[in-house]
Protein chains: 2
Amino acid sequence: MQNIDTSPLEKLRAYLETADLGEDGRLPPERELAEALDMGRTVLRKALATLQGQGLVWRHVGKGTFMGERPVASATDINALVLRTNPMEVMAARLAFEPEIARLAAANATGSQINDMRACAQKCRQAPTWRQYEHYDNRLHRSLGEATQNALLLALLDTMTTVRRAVTWSRRRDKPDRPPRDHHSFEQHDRILEAVAARDGQAAADAMRTHLRTVEQNLRESLGN
Amino acid sequence: MQNIDTSPLEKLRAYLETADLGEDGRLPPERELAEALDMGRTVLRKALATLQGQGLVWRHVGKGTFMGERPVASATDINALVLRTNPMEVMAARLAFEPEIARLAAANATGSQINDMRACAQKCRQAPTWRQYEHYDNRLHRSLGEATQNALLLALLDTMTTVRRAVTWSRRRDKPDRPPRDHHSFEQHDRILEAVAARDGQAAADAMRTHLRTVEQNLRESLGN
DNA sequence: TCTAAACCAATTTTCACATTGGTTCATGAA
DNA sequence: TTCATGAACCAATGTGAAAATTGGTTTAGA
């Protein structure tokens, strides 16, 4: 029982070092591997269990056995994510994320992008309904993401927006008529765009933070706190 | 031709206002809808084309017709995203995102989470290979995301990490031996964790930014710039 | 010229089947 | 008995083809 038990483990270790696994790090199914290493499936499974305990491999029924650490599962499952979060969490994420978006937008936005954003801000002012206001507000915030010239940041922003819509969706208040003439966002949007146009990243981030804090306050009140 | 043509459009508009569409805003297939509204498929399609021109609905072969604006395609398609980005973009995203993660972690981390992170930092120091070093480095950065107590932020961080691995993957250098004893990250990790433990969000964000700037510099050199 | 039916192509859904890690159990050696 | 061994079985997953669905296009007919 002394080295009869350790021998398969070392055999397996040696195999893993020399084997040319595919890009995904997947190794052959247990039945094949057992035959290739000239051992029973039971003893192979024991050896694999040891390696799994050490975090060197991970396994899943129907998939196979893989080298390395188990990949993160929930990365892109938006539906599952919506169930685990809530409006205040989304707001906190926006407050962490969007000011930095604004900062980078100030550094990288093109002239035509700035024009587009100004057009969105203008449409927000003229929107005859809350629905249309939100449409252009969304476009404005996304345009800032585009202006960063960073596809990854834009994708992350889009993901956050998707979650935000899904979370906010159920409690979508039916507001009366239209945004008031002196709606706080109008001026705050202008401040953000001024800073972006002036290439002042710090001011853009601050203005965005101020804007989102106001939105957060409104959200708090609408949630009844 | 005068109102024979506008009548189907108004009928369709009236339907859209009263119909109880599912959460996805999908409306019945053309054939069903045509029968329900008692009109031919051709005239229904004309009306739908009008609404589509106004941006009120969008359609796709094999999928169906949906209310609202066409959703952003790339929100969660990581594979497509990997093709459109590059290591420097990922680095810029990390620099924008992770300092704010650290700031929120400082505000919300639990004691056991701080202990976990310290354990990761310690394992980084003792790692006998670069591979294991990266393993614990990844765990440390993700633990900071967990410490924000914000499921959405953590999901965004995971997405970014997935993309980062995929992008960096092809240019994975086979470094010799192991991280040097005085590897810059060791002390920088400690600084971040000190700030988090002291509940100093600003210091945590600054320390993270400093850390990532160093990583960025190394990346630049390894890319040959 | 307009309409409705037929047809087309993109997409989703369904289903059967193979694959794979996990579990149970009878067998047999120690 | 006790415990390891291997075969059979189980449930989750992947695969791939066929069928159904759906918006788009063409065509014949009134």
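In this text, all values refer to a predicted model and were calculated from it rather than measured experimentally. In what follows, chains are A, B, ... by sequence order, proteins preceding strands, each numbered from 1.
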Whole-Å gap separating [atom2] ([N]) and [atom1] ([X]):
X: A:F66; N: D:dT13; atom1: CZ; atom2: C1'; value: 10 Å
X: A:L37; N: D:dG6; atom1: CG; atom2: P; value: 14 Å
X: A:D38; N: D:dG6; atom1: CG; atom2: P; value: 10 Å
X: A:Q52; N: C:dG22; atom1: CD; atom2: C1'; value: 11 Å
X: B:W58; N: C:dT11; atom1: CH2; atom2: P; value: 11 Å

Open item on the list: Do A:L48 and A:L44 have side chains that approach each other closer than 4.5 Å (heavy atoms only, starting at C-beta)?
Closed with: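 SC-SC contact between A:L48 and A:L44 confirmed.
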Residues in side-chain hydrogen bond (donor to acceptor under 3.5 Å, both in side chains) with [X], at least two apart?
X: B:R103; result: B:E100, B:Q202
X: B:N115; result: none
X: A:R13; result: A:Q54

Task: salt bridge (charged side-chain N to carboxylate O under 4.0 Å, His left out) involving B:R41 - partner list, sequence neighbours excluded - done: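 B:E30.
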Task: Bracket string, DNA chain C, 5' to 3' - pairs by Watson-Crick or G-U geometry under 3.5 Å, | interstrand - done: ||||||||||||||||||||||||||||||
Open item on the list: Distance criterion of 3.5 Å, no angle test: do you see the side chain of A:T42 paired donor-to-acceptor with the base of D:dA4?
Closed with: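 Answer is no: no donor-acceptor pair is held.
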Nucleotide N/O of nucleotides 14-23 of chain D paired with protein N/O under 3.5 Å:
from: D:dT22; atom 1: OP1; to: B:R26; atom 2: NH2; distance (Å): 3.1
from: D:dG23; atom 1: OP1; to: B:T65; atom 2: N; distance (Å): 3.2
from: D:dG23; atom 1: OP1; to: B:T65; atom 2: OG1; distance (Å): 3.2
from: D:dG23; atom 1: OP2; to: B:E30; atom 2: N; distance (Å): 2.8
from: D:dG23; atom 1: N7; to: B:R31; atom 2: NH1; distance (Å): 3.2
from: D:dG23; atom 1: N7; to: B:R41; atom 2: NH2; distance (Å): 3.3
from: D:dG23; atom 1: O6; to: B:R31; atom 2: NH2; distance (Å): 2.8

- [ ] Applying side-chain contact (heavy atoms from CB on, under 4.5 Å), name anything that partners B:L104, two or more places apart in sequence or on another chain.
- [x]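 side-chain contact (heavy atoms from CB on, under 4.5 Å) check on B:L104 returns A:A96, B:N108, B:T148, B:L153.
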Open item on the list: Quick test of your reading: applying ring pair (Phe, Tyr, Trp, His ring centres under 6.0 Å), list the pairs with at least one residue in residues 139-160 of chain B, sequence neighbours left out, ordered by first then second residue.
Closed with: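 Every pair satisfying ring pair (Phe, Tyr, Trp, His ring centres under 6.0 Å) with a residue in residues 139-160 of chain B: B:H141-B:H189, B:H141-B:H211.
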Task: Qualifying residues under ring pair (Phe, Tyr, Trp, His ring centres under 6.0 Å), relative to A:Y136, sequence neighbours excluded - done: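 A:Y136 satisfies ring pair (Phe, Tyr, Trp, His ring centres under 6.0 Å) with no other residue.
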